[in-house]
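Here is the structure we will look at, set down as structure tokens.
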Amino acid sequence: QVQLVESGGGLVQAGGSLRLSCVASGSTFSISAMGWYRQAPEKQRELVARISSDGSTNYADSVKGRFTISRTNAKNIVYLQMNSLKPEDTAVYYCHADTWRTPDYWGQGTQVTVSS
């Protein structure tokens with residue numbers, strides 16, 4: 001079992017920054033990759049950023065150059081640094097963990113609201 005707890009969401013003005021944190025606990029040795037997804041009202045959940053066990057990353061085109069995903073050396077905490085935030089970034093952000101074995105895991109989500 002893996003548990004994921006997100007924090008760091010809030011209200012910020014356009015152009016501002018936030019840093020989201022995700023703390024993984026439990027069977028963290030089984031995690032192969034972690035990432036951030038977001039879901040805006042009436043829209044599908046989408047990948048924002050992902051980091052694999054080898055350190056490789058990928059980002060949604062809409063956030064490239066603005067967001068950075070990183071992790072601690074212990075690989076149990078993942079961050080999403082969000083700069084130059086836009087109103088279009090408003091969504092619930094979810095931490096996600098892939099494992100070497102089924103299943104994968106989701107956090108409860110943290111709200112990010114960007115005002116114009």
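If you're wondering where the values come from, they're calculated on a predicted model, not measured in any experiment. Heavy atoms only: backbone and side chains are in, while hydrogens, waters and symmetry mates are out.
Distance CD/Gln81 to CD1/Ile69: 12.0 Å, rounded to 0.5 Å. A distance of 4.0 Å separates SG in Cys22 from CE in Met34, rounded to the nearest 0.5 Å. Taking OG of Ser52 as the reference point, atom CG of Asn58 lies at 7.0 Å (rounded to 0.5 Å). From Ser30, atom OG reaches atom OH of Tyr105 across 6.0 Å, with rounding to the nearest 0.5 Å.
Listed for the Glu6 side chain is a donor-acceptor partner under 3.5 Å among the backbone atoms of Gly109. Thr90 contributes a side-chain N or O that, together with a main-chain N or O of Val114, makes up a donor-acceptor pair within less than 3.5 Å. A distance-only check finds a donor-acceptor pair linking the side chain of Arg71 to the backbone of Ser53 [under 3.5 Å].
Taking each heavy atom of Pro87 and Ser116 in turn, the nearest pair found is CG-CB, 4.0 Å. In this structure, Ser17 and Asn83 approach most closely via the heavy-atom pair OG-OD1, 2.9 Å. Taking both residues in full, the closest heavy atoms of Leu47 and Ala49 are given as CD1-O, 3.6 Å, listed atom of the first, atom of the second, then distance. Taking all atoms of both residues into account, the shortest heavy-atom contact from Leu80 to Val48 is CD2-CG1, 4.1 Å. Contact detail for Ile31 and Ala24: the closest heavy-atom pair is CD1-CB, 4.0 Å. Annotation for Trp36 and Ser21: closest pair CH2-O, 3.6 Å, computed over non-hydrogen atoms.
Looking at Asp89 and Lys86, no side-chain N of the basic residue comes within less than 4.0 Å of a carboxylate O on the acidic one, giving no salt bridge.
For the pair Arg38 and Glu46, the minimum side-chain heavy-atom distance is below 4.5 Å. Between Thr68 and Tyr79, the closest side-chain pair of non-hydrogen atoms is not below 4.5 Å.
Val12 and Val92 end up in different hydrophobic clusters when Ile, Leu, Val, Met, Phe, Trp and Tyr side chains are linked at under 4.5 Å. Using a 4.5 Å cut-off between side-chain heavy atoms of Ile, Leu, Val, Met, Phe, Trp and Tyr, with links allowed through other members, Val63 and Tyr94 fall into different hydrophobic clusters.
Note: His96 and Tyr37 have perpendicular aromatic rings, judged against thresholds of 30 and 60 degrees for the angle between ring planes. Using bins of under 30°, 30° to 60° and over 60° for the plane-to-plane angle, the ring pair Phe67/Tyr93 lands in the tilted bin.
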